[in-house]
Structures are given as C-alpha cells and as structure tokens.
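A short worksheet on the structure shown next.
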Amino acid sequence: MSSSLDQRTAPAPEGSRPTPLPRRTRAYALPEVRWALAALGLFLLALPPYLLGGPAWLWGALFAGAYATGGWEPGREGLKALRERTLDVDLLMVVAALGAAAIGQVLDGALLIVIFATSGALEAVATARTADSVRGLLDLAPATATRLLSDGAEETVDAGLLAVGDTVLVRPGERIGADGEVVGGASEVDQATITGEPLPVAKETGDEVFAGTVNGTGALRVRVGREPSDSVIARIVRMVEEASRTKAPTQLFIEKVEQRYSVSMVLATLAVFAVPLAFGDDLTSALLRAMTFMIVASPCAVVLSTMPPLLSAIANAGRHGVLAKSAVVMERLGQVDAVALDKTGTLTEGTPRLTDVRPLPGTGLDADALLRLAASAEHPSEHPLARAVVDAARERGLALAPADAFAATPGRGVTATVEGRRIELGSPARLLPDTHHARVHPHPDTRPAHPEAHHARVHPHPDTHAAHSDTHHARVHPENDPAPLVRELEEAGSTAVAVLRDGEPVGVLGVADRLRPDAGATVAALTRLTGRAPVLLTGDNERAARRVAGRVGITDVRAGLLPEEKVAAVRAWEAEGRRVLVVGDGVNDAPALAAAHCGVAMGRAGSDLALETADAVVVRDELAAVPAVVALSRAAHRLVVQNLVIAGAFIAVLVAWDLFGTLPLPLGVAGHEGSTVLVGLNGLRLLRSTAWPRPARG
C-alpha cells in the first residue's frame, strides 16, 4: 500500500539535498479556508450598510461576493454529484441560499452560505492535520542506526536500509531503529508508544524490541527481525491511513432526509405549475402559486433544524473541555452503543506515583526517614520509578541528602552512598536472596504471573551472578523478612521496590499508576447510556489490566494487544452492527480511534497522532466528560427531532393552504421565515450551562 505519507522528503532536483516535508499544514494554505474567510469578510462588510439602510448597490455587491466566494466550491461539487444522478446537500444549500435571495431574503441566504463554507473549511483543516500527524509519526523511528559489521566495526546507515539479520547497536537514550531481538546487553526500554505500558520494561538477551521505542541506560545489541517497512510503527501508519480512507462516509441525519425531500419538492413544484395550466389556469396565476409553493415548501427550516442544536452542543461541550471536531461528530457521539477504553493514560493517570512506604521493624526508620533515604539515592536517576520516589519526598517537604558514587544497573536498580551508608534500591527479585523469592510467591498458582521477574531472569547468565554476588545475597533476618510486604504490594497492583542499607533490607516502597478518581463512575455512566459495560483494550499485561478493570467494574478485558489487534476487535464489533466509541490517548490507540464509529482522545497526555485522529478531544483530561458529551449529543438529537416536527408542521399547513386555497405570497414568506426563526431559537437552548449533563463523579 503506497502513500505520499510514506515519504520522508519532498522531491528535489538531482544533486541537491532533499527538502523535508512540512510537519504541520498551515490553515491558510488550504483553499477551503481561504474561500471561507473571503465569504465571511464580505458578509461582515455588507452587514452594516444593509442594516443601516445604505445604498443597495453597495451591500448588494458585497453580498454577491459572499455568495460567489462561499458558494462556488460547494456548488461545483453539487453539480458534479447531479451529473451522477445524486442530489447532493452542497447543491441544496446553494439553491436554498439563492432562493432566499430571489424572494428578497438576501441576508438569510448569505448567512447560510457563510455557515456552510465555514463548516467545509473546518473539515478540511481537520483532514489536513490528521495527515500531518500521520506523517509526523514517522519521526518516532530514527532516521539512522549503528550497524555492527562482522569484523566488529561500526557503521552508521539509514534505518530504512536495514535488512533482516543485521545487528545494530543501540546506545543509552537512543531510539531503537528496527523491530528485532536482543542478542546482547541489558537495559530498560520505554515502549509506551507501542504497548501503552506506563513503566520501562527490562530487556535482555532473547527479548523482543520495537522500532521507535526509547532505550534506557544500558547498551543493547539487536538483531533485526523485520524489514523497516513491516515494523510495528510502519504498520500503525498504514492502519491509520487505511482506517481513515475506508471509514464509511457519514451524513447528518437531516442530509439523508433532504435528498429525498428536495427531489420531491422539485417534482411537486413543477406539478403545481403544470397541472393548473393543463386545466386552463392562466400563466401568471399558475406561476405565482408555484413560486409560493416553492417558498413555503423549501427546506430552509428543515436545514436549520439540525445545525443550531448541534452547533450549540459543540459550543457547550467546548466550554466544558470537550472539543468535537464537527457537527457530524456531535451527532455520532449520541449513536454509540458500545464503548472500548484504553487503560494507561485513560482509566489511569499514566504517571507512576508512590503509593506505599513500608519500613521494616527494628531498622530505626519511620516512613519519612525511609523515603528520605530512598529519594536521596534516587535523585540523580531519570527512571520513572525514581522520579515518583523523589516527587513524593518533595511533596512531604523532606530535605534530601547528597548522593555519592551513584550507579544505575539496567533491570536491577541504583546504588549510591548517602550520609556514609551504601543505599540500594531496585527489584526485590534482583536485590534479595533466593530464599526470599521462594517466599514471595508461596502458592504455585501465583508464580506464573511474573515468572521472568521472580525466577527465570534472576540469574540469566552465570557471569552476571558472579558479578553481583556480593550484593544479590542480601542479609535477611527471619524476623525482618520483607517478603510479606513485597507480596502484599504486588497483590495490590503496585510495583515493589526494595530498599537496602549496607546490604540489609530496611523497607519496601510501592509505586503504581494511579486510577483516575472518576474512572469507576465514568464506567457506570457509560454502562447506563449504552446498555452494556465498556470493554478494556490495552497493550499492558493481563494481570495489571484485570486488576484495574476489577476496580472500575469492567469484566471484558483484552490485554497484551498490539495496535492491529485493537483495530481487529473494533472492526469485529462493528461487523456485528455495534457503533463503537473508542477512548484512548496513545500512538498505539490511534488506529482503533480511526476505525471506530467515534473516537475520543484524552488531551493532556495524548499523543499528537491520537489527538488528530480522534473525532473529539477531552481537553481538560476529565474522563467523566466522556459520558457527559454522549448524553449531550443525545439531547441535541432530541432537539433535532423536535425541530423537524415543528418545521414539518409549518410546511404542511402552508402547503395545504397554498394548494387548496389562496395563500398570499407575503404571508407565505412570513410563515416560512417564522418557522425558520423558531427552530433556530429552539436549537439554541443547548447553549445554556444547565444543558451540560452533570459529569459522573467517583
């Protein structure tokens, strides 16, 4: 599947350096935006002389310019559709505006043109920004990689030229250049962009790594396992493009009604003109009756039945921190009947935080003293767990001591000298003796949950064991065994961090990605709205996913998913006839957001790709706003139905009057315009603050 987005650079003359593609399209560069701005400017210039009784030639010319600049593009598209025997809404809007001008309602017609042109411009901007973000995703994969040659030498090559079987060196802090397997070294890799896991993952020989993920403090040698064009990142790019291209084009409900209604109205107008003539009526009388019929039956009120409620809902949602990108999005939000939620950054905050400080008895340390000691040793580290410990100490106002002889070992932890004492922090599986590990999981059924963390990877190589034999076998007295604390914290869903002082355990810290306070109430509210509980789709491990799901009331958990597997789940539900709402925040969520009936991104921590791909963005990062905006969309739909009933009643009465009596033209115009104003005012009710549903609170 080829795409212009797959190219990193724009074409350049032979011999010259390629020019990088712009990463963000300027709104003014889009023709739809320029025409819409021109129409708006001309409309605003014409408004004062029109309202103040200025010369008709002045405001007439300005309004004509607004009609031309704002209406020529949708008019052209409408004529193209007409040649394909489809009465497009673009043409209907232009005809409605011209019809309003023909009966003297120049202002109404111009306003309709400006609104329609602005809507088209916003849609063009959203489409362009999505393309920009997909193109920017390519930056996640590094442009170059360090390839190791058979003689041990190194060479820097374009990452796109790597072949399966090549070995690359990934230094600390670098992005990994290709999907592959670790064949040497040990480190921790931040792969949140791929799997959504909130903490870096320990990697050593035999482990799989992904292109675009960030290496930690150790060096890795990676054997390339996939061609660059088939990496996970490249597949995400293709999935977003494919989902955006194949997602079924949607229309507002009223647009579907308009196509049938407008055809019927055109045919009926011709009949109203021709039938009286056939029965001997004079031309003037038949033409006047047909003109009156066309006016009172025109879809202006029907058109305005939809936009004011939806635009009011968009404005109200925006005031409460939810950006819906179009009226179509606002309508679709209310149609969802199934919800899929991401875990990290959506149900949880996405940032590790210290949850527990457990000093061991007999060490002479209380919670603050243990935390101060640990934070002092961790202060030089950039690891997310270290940041959580240091931030917690600062929140408590603890003064940190200087740390000397600091050292960090990937997958193991840190060592530092604090106030003359040797302090070690790290995984209990690595710092505590083998007898401790046997007691951490005394029950056979709990051991398989993390076999690699507590058994298989304790001593992956004999030489590693020998290198750390002096610190690995920490001295643990039976009465001061940290095993129960470690087990308790891990069963509660926290990552346990052992703290040793001069080789002896003195306490255990618990760090976890904290659940959002409104997560449970949000899940309950979405269940009430859709009639079924949301599903959890996450790339994180199943144990962590089920623990979070159990706390918020979710029973259907799909864990360990790659981006394509999330898309497959969404498409399977859509194939069953469900209209799925996906809520996520990361790059790995973007394909599912694009494939879903409606996608909502969490704004604060959301990746650029997720924010641009999603149909709506929760700007204030309040999860409870998701069910609120769904409920608001449904309220807008109810108002649309009310408006259609009002408009239909007016049209039915006026049409019957014209057909079976004599409806004066001015009275027909007044009735037509009155119904238009009425449905417009009714739709504006959603601008009130009280129209925003009270968000669920946990």
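Computation of the quantities below employed the complete heavy-atom set of this structure, encompassing side-chain atoms and omitting hydrogens, waters and symmetry-equivalent molecules.
- A donor-acceptor pair is defined here as one N or O able to donate and one able to accept, closer than 3.5 Å; no such pair exists between the side chain of R514 and the backbone of T355.
- Side-chain contact between V201 and V189: absent, with no pair of heavy atoms (C-beta onward) separated by less than 4.5 Å.
- Side chain to side chain, N215 and S187 meet the donor-acceptor criterion of an N or O pair below 3.5 Å.
- A salt bridge links E208 with R226: the distance from a Lys NZ or Arg NE/NH1/NH2 to an Asp or Glu carboxylate oxygen falls below 4.0 Å.
- Counted within 6.0 Å of CZ on R358, heavy atoms from surrounding residues, nucleotides or ligands total more than 12; the atom is thus considered enclosed.
- Listed by first and then second residue, the salt bridge (charged side-chain N to carboxylate O under 4.0 Å, His left out) pairs that reach into residues 388-401 are D368-R396, sequence neighbours excluded.
- In this structure, L537 and L341 have side chains that are not in contact, with every pair of non-hydrogen atoms separated by 4.5 Å or more.
- With sequence neighbours excluded, the residues forming a side chain to side chain contact (heavy atoms under 4.5 Å, CB included) with A324 are I314, V329, M330, listed by chain and number.
- Residues passing the side chain to side chain donor-acceptor pair (under 3.5 Å) test with R558, sequence neighbours excluded: D556.
- In plain terms, the two heavy atoms of R516 and G345 that are nearest each other are NH2-O, 2.8 Å.
- A donor atom on one side chain and an acceptor atom on the other are not found under 3.5 Å apart for T417 and D404.
- Residues satisfying the side chain to side chain contact (heavy atoms under 4.5 Å, CB included) criterion with A568, sequence neighbours excluded, are absent altogether.
- Shown here are the salt bridge (Lys or Arg N to Asp or Glu O under 4.0 Å) partners of R221, two or more places apart in sequence or in another chain: there are none.
- For H320, the ring-ring contact (aromatic ring centres under 6.0 Å, His included) criterion is met by W692, not counting sequence neighbours.
- Side chains of V414 and F406 form a contact here, defined as non-hydrogen atoms less than 4.5 Å apart.
- Residues L354 and L371 form a side-chain contact, since some pair of their non-hydrogen atoms from C-beta on lies under 4.5 Å apart.
- Not counting sequence neighbours, S376 has no partner by the side chain to side chain donor-acceptor pair (under 3.5 Å) test.
- Taking both residues in full, the closest heavy atoms of A338 and R532 are given as CB-CD, 4.0 Å, listed atom of the first, atom of the second, then distance.
- Atoms OG1 and CG, from T346 and D585 in turn, are 4.5 Å apart once rounded to the nearest 0.5 Å.
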Test side-chain contact (heavy atoms from CB on, under 4.5 Å) on E154 and L148 and set out the steps.
CA-CA 5 Å; E154 302 176 3; L148 298 178; 3.6 Å; yes
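- A search for side chain to side chain contact (heavy atoms under 4.5 Å, CB included) contacts involving A524 returns R528, not counting sequence neighbours.
- The side chain to side chain donor-acceptor pair (under 3.5 Å) check on R551 picks up nothing, with sequence neighbours excluded.
- Side-chain contact between V580 and V339: absent, with no pair of heavy atoms (C-beta onward) separated by less than 4.5 Å.
- The shortest distance between side-chain heavy atoms of V209 and V182 falls below 4.5 Å.
- A search for salt bridge (Lys or Arg N to Asp or Glu O under 4.0 Å) contacts involving R372 returns E419, not counting sequence neighbours.
- For the pair L515/V552, a side-chain contact is recorded, criterion being any heavy-atom separation below 4.5 Å from C-beta on.
- Under the side chain to side chain donor-acceptor pair (under 3.5 Å) criterion, E181 pairs with no residue, sequence neighbours left out.
- Scanning both residues, D179 and A211, for their nearest heavy atoms gives OD1-N, 2.6 Å.
- Judged as a side chain to side chain contact (heavy atoms under 4.5 Å, CB included), and not counting sequence neighbours, the contacts of A533 are T527.
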